[in-house]
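Below: one structure, written as structure tokens.
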Amino acid sequence: MFVSIYFHDALTYSFLISGSIIGVIGFSMTYFTKDSRKHISKREGYIVVFVGWLFLILSGCIPYFSAYFFLPSEDLVNNDFNFVNIFYETVSGYTATGTSIFDDPQNLPKSILFWRSTTNWIGGMGIIVLTIAILPFLGIGGRQLFMAEAPGIYTDKIHPRITETAKNLWMLYMGLTLIFSILLYFSGMNLFDATNHSMSAISTGGFSTKNNGLAFWGNNISVQYLLIILMFIGGTNFTLIYLLIKGHFKKIWQNEEFRWYVWLISLITSIIFIALFFFVLPSRYDNMVNFATIEEAFRIALFHVISIISTTAFYLEDYSSWLSVTTLVFFSLFFIGGSAGSTSGGITVIRHVLLLKNCFAEFKRILHPNGVIPVRYNGKAIPQSIVFHVMAFFVMYMFIWIASSVTFGLLNYGADMSISHILSSLTITASTLGNVGSGFGEFGPGSSFNSLTVGAKFLCCFLMVLGRLELFTILILFTPYFWKNN
């Protein structure tokens, strides 16, 4: 609302109405549960997370709906405001996926653009983690909610109390957002764009205020390197960032997932750098042997690798138009994701590490059938139950991707699909399930998803929420075991 007042964009009353509706509902819920001292079980925690996210998304739609009555007609036509599109945009924002349904977002009012970035920012850290910091005020414990929101593998703790952990994470999150907003401002962005892109980058969401994304600022090297750093931080376990601020430098590099994360980025960046320097950039410049071109190839490669592996999906140019091999490499990154305990989506690096370690351990078990050969992570033996969980997650993830690709193709293209339609279906479902944000081809970087059919849009919404809550949090609700008393 204050952004609307500052920019005089005629949506002040729209956000006042939206805030009043949500505020009344929120305070009413607080009032009627103020005397509650009920302990939330793990089963109830999953239900609260699912219902909480559902109501979060519906409440996030209200500002868009209210803006419908205040926006000029040309903005409504250009960006096609309707329930399905508004629902999709809100889901994409809160799940930090970043795919947009709007064809012309640059001409939207500043307050709507800020609201889009805010949904990225809130969803990046996880709305339930924020709620955990407030739940003691309601008299309800929050540890079960935290486990349901982020059922990954965490081996480090910031603080033994989950409430303190949530507060520390959010203070760190807000501090990084503020610092990089200021740095981006002094690097050439105006304060509004700097703040929006800082929120989108730290949350690995990917919403931009411009139709052509960061290409709007041309070859602004300082902006690009700042976003590289911020996207890298967003894809890193926030516990490690907290340890870095506390000065525990050795613990950071001792973390095995972080080392894999860094080495993987380095390896893929080297591959993309070679492709750019020797095959892509020569078509743009006559003289290739100079430091500026080497730096440009390195920067462009590093930017897009970190952008995709962190599931931010910011872009400097259409990387899908480079080479077939680079497209294949980038597509493989859709299935990796960032670190556990980060704001990024995807399968996460730690799961891939444990899967690989278990494969090599299986070779040893075949040769030594009577031996006890555990999978080790950070020098400690991992319980077999966690290994089984990771294996089940990976199988379920790939099965859902294949099944949803077929379903998406039928919903969006019909039974008579071309090869390009099949490839689009495979990339879009992988992108939405991994909360990456962009696909290839007709739905490549910067493309609007408005042309999708209604059924395809709702399928993408389901995949985005499913990926954001890491599959089991949602799927377990559809099993008969969950609803049995014992």
Side-chain angles (χ1 to χ4, degrees), residues 1-34 51-128 130-131 133-134 137-138 170 174 177 191-193 195-196 199-200 203 205 207-209 450 454 457-458 461 464-465:
M1 185 181 71
F2 289 122
V3 171
S4 177
I5 293 173
Y6 181 82
F7 287 103
H8 306 287
D9 63 9
L11 291 183
T12 302
Y13 290 109
S14 169
F15 281 97
L16 178 62
I17 294 171
S18 303
S20 299
I21 293 173
I22 298 172
V24 168
I25 295 173
F27 281 114
S28 298
M29 293 169 67
T30 304
Y31 177 80
F32 288 111
T33 59
K34 64 180 181 180
V51 176
W53 266 84
L54 179 61
F55 275 88
L56 172 72
I57 292 168
L58 293 176
S59 66
C61 293
I62 295 177
Y64 293 110
F65 281 124
S66 60
Y68 179 87
F69 299 99
F70 295 91
L71 281 176
S73 58
E74 58 269 19
D75 286 341
L76 297 176
V77 173
N78 291 342
N79 291 293
D80 198 9
F81 270 64
N82 58 60
F83 172 77
V84 177
N85 285 358
I86 289 173
F87 185 81
Y88 183 100
E89 195 78 8
T90 307
V91 172
S92 180
Y94 277 130
T95 58
T97 303
T99 58
S100 181
I101 216 72
F102 295 135
D103 295 321
D104 189 22
Q106 186 171 325
N107 289 322
L108 286 171
K110 292 289 195 300
S111 54
I112 286 291
L113 291 176
F114 191 80
W115 175 245
R116 290 169 76 238
S117 300
T118 302
T119 58
N120 261 180
W121 191 75
I122 294 174
M125 177 61 74
I127 186 63
I128 303 302
L130 175 63
T131 305
I134 304 174
F137 172 73
L138 304 178
W170 271 100
M174 290 187 288
T177 305
L191 186 58
F192 177 78
D193 291 329
T195 303
N196 279 268
M199 290 195 294
S200 292
S203 65
F207 275 152
S208 178
T209 56
N450 193 24
V454 173
K457 289 175 183 176
F458 277 120
C461 288
M464 286 188 282
V465 176

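Any value given below was found using the heavy atoms of this structure, including those in side chains, with hydrogens, waters and symmetry copies removed.
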Step through it carefully: locate the ring centre of F7, locate the ring centre of F192, and say whether they are under 6.0 Å apart. yes
For the student: nearest non-hydrogen atoms of S203 and N120, plus distance: CB-O, 3.1 Å
Tell me whether the rings of F458 and F87 are parallel (<30°), tilted (30 to 60°) or perpendicular (>60°). tilted
Give the minimum heavy-atom separation between Y64 and G60, together with the two atoms involved. CD1-O, 3.6 Å
Side-chain donor/acceptor of T12 to backbone N/O of H8, under 3.5 Å: no
Under the 3.5 angstrom rule, does the side chain of S92 hit a backbone N or O of S100 as a donor-acceptor pair? no
Before giving the answer on side-chain contact (heavy atoms from CB on, under 4.5 Å), spell out for S59 and F55 the whole-Å C-alpha distance, their side-chain angles and the decisive distance to 0.1 Å. CA-CA 6 Å; S59 66; F55 275 88; 5.9 Å; no
Minimum-distance pair of heavy atoms, taken over all atoms of A67 and S14: N-OG, 3.1 Å
Sub-4.5 Å side-chain heavy-atom contact between E89 and F207: yes
Nearest heavy-atom pair of L11 and S111: which atoms, and what distance? CD1-OG, 3.5 Å
Is the closest side-chain donor-acceptor distance between T209 and D193 under 3.5 Å? yes
Within 45° of the ring axis of Y88 and under 6.0 Å from its six-membered ring centre, is that where the NZ or CZ of K457 lies? no
Smallest separation among heavy atoms of D104 and N107, with atom names: OD2-ND2, 2.5 Å
Over all atoms of both residues, closest heavy-atom pair of L56 and Y94: O-CE1, 3.4 Å
side-chain contact (heavy atoms from CB on, under 4.5 Å) between N196 and F114, intermediate numbers included: CA-CA 6 Å; N196 279 268; F114 191 80; 3.9 Å; yes
If we ignore angles and hydrogens, is there a donor and acceptor under 3.5 Å between the side chains of T99 and T97? no
One should read off an interatomic distance between S117 OG and I122 CD1, to the nearest 0.5 angstrom, of 11.0 Å
Once you measure the plane-to-plane angle for W121 and W170, does it fall in the parallel (<30°), tilted (30-60°) or perpendicular (>60°) bin? perpendicular
